[in-house]
Structure formats: structure tokens, C-alpha cells
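A short write-up of the structure that comes next.
For ligands, and for the atoms within them, numbers begin at 1 and follow the listed sequence.
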Amino acid sequence: MFVEVARMDDIASGGMIAVEANGKEIVLCNYDGKIYTVSRRCGHTNAPLEMGTLEGYILTCPMHYSQFDITTGEALSGPVPRSTGDEPLPEHLKNALQYTGMLLSRIKIYDIGTYPVKVEGNSIMVDA
Ligand code: FES
């Protein structure tokens, strides 16, 4: 059943907002004036995807930079270790980052869900 979750003027072109529909957390993505919906939780370790970036149809997770196709929910690339730049790090911090990187590489990344969406006038409706 479609429910209204937002208005078209709530979300600029290239923008994303988080909404809830029927108890599900969803991100609305405005790609070239058309609205797409994806699950709010990253297919890696559940980061809130509306805090990432949207370039064209590619959504990049804010936590470890996995990328998803918002038109299908397909995971396009896996997590990337955070860059620490060229400054030498204290040994304990370097070890902690290496351990975290090893753990991240062992976590499978999943495609994210998408939901039927329609726009009626200024109203964005989602069937979740
Ligand atoms: S939580 Fe999204 S890439 Fe790790």
C-alpha cells in the first residue's frame, strides 16, 4: 500500500532524505528530478546511507565508502579503508587500523533493498 512520505520540494535534485514508511527506514534519492528509493541501512554494516553522497545514480556510504546503484540496489563496490594521509602514525594506532581493515575485508557486502515509488502532484508515495 502506497503511503505519502515526503513532498517533492523536500528533496533537491541530487539530494537524499531519510523517511519511514510502514516501519521501514528508507532513503529517497532525487536523481535528475526522478525519485528512487533504497533501504536506509548499508549492505555492509548498516550505516545510515542518507549521510553518504549521491553522484548521478551512485550512492556512496559515509562509513567505509561502499557504493550502490540506486536504480537497482546493487552493490557496485566494497568497503575501502580510510586514508590516514602521509603522516606517520603511532604504532598502536597503525595496528588498530590494520586490524579494523582486516575485519572490514571479511564482512560480506549485500545489495540493498529498493521500493516501489510514485509521485502524485507534489506528493512522494512509497509502497514499503
Ligand atoms: S557500513 Fe557502509 S560501507 Fe561499511
Between Leu76 and Ile58, is a side chain to side chain contact (heavy atoms under 4.5 Å, CB included) present by the stated rule, with each step listed? CA-CA 9 Å; Leu76 300 174; Ile58 298 177; 4.0 Å; yes

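- Among the backbone and side-chain atoms of His44, an N/O/S atom is found under 2.8 Å from atom 4 (Fe) of ligand 1.
- One hydrophobic cluster, built from ILVMFWY side chains closer than 4.5 Å, holds both Met1 and Val126.
- Thr45 OG1, 3.1 Å is the protein heavy atom nearest to atom 1 (S) of ligand 1.
- Between Tyr31 and Tyr57, the ring planes lie tilted relative to each other; the angle falls in the 30° to 60° range.
- Among Thr60, Ile109, Thr114, Val38, the one residue that satisfies the side chain to side chain contact (heavy atoms under 4.5 Å, CB included) test with Phe68 is Ile109.
- Using a 4.0 Å cut-off to heavy atoms of Cys42, the atoms of ligand 1 that qualify are 1 (S), 2 (Fe), 3 (S).
- Per-residue contacts place Ala47 under 4.0 angstrom from the following atoms of ligand 1 (heavy atoms of the residue considered): 1 (S).
- Atoms of ligand 1 lying under 4.0 Å from at least one heavy atom of Cys61, given by number and element, are 1 (S), 2 (Fe), 3 (S).
- The backbone N or O of His92 sits nowhere less than 3.5 Å from a side-chain atom of Asn95 that would complete a donor-acceptor pair.
- Judged by the 6.0 Å and 45° rule, Lys24 forms no cation-pi pair with Tyr115.
- Contacts with ligand 1 closer than 4.0 Å are made by heavy atoms of both the backbone and the side chain of Ser66.
- Residue contact annotation: His64 places no N/O/S atom under 2.8 Å from atom 2 (Fe) of ligand 1.
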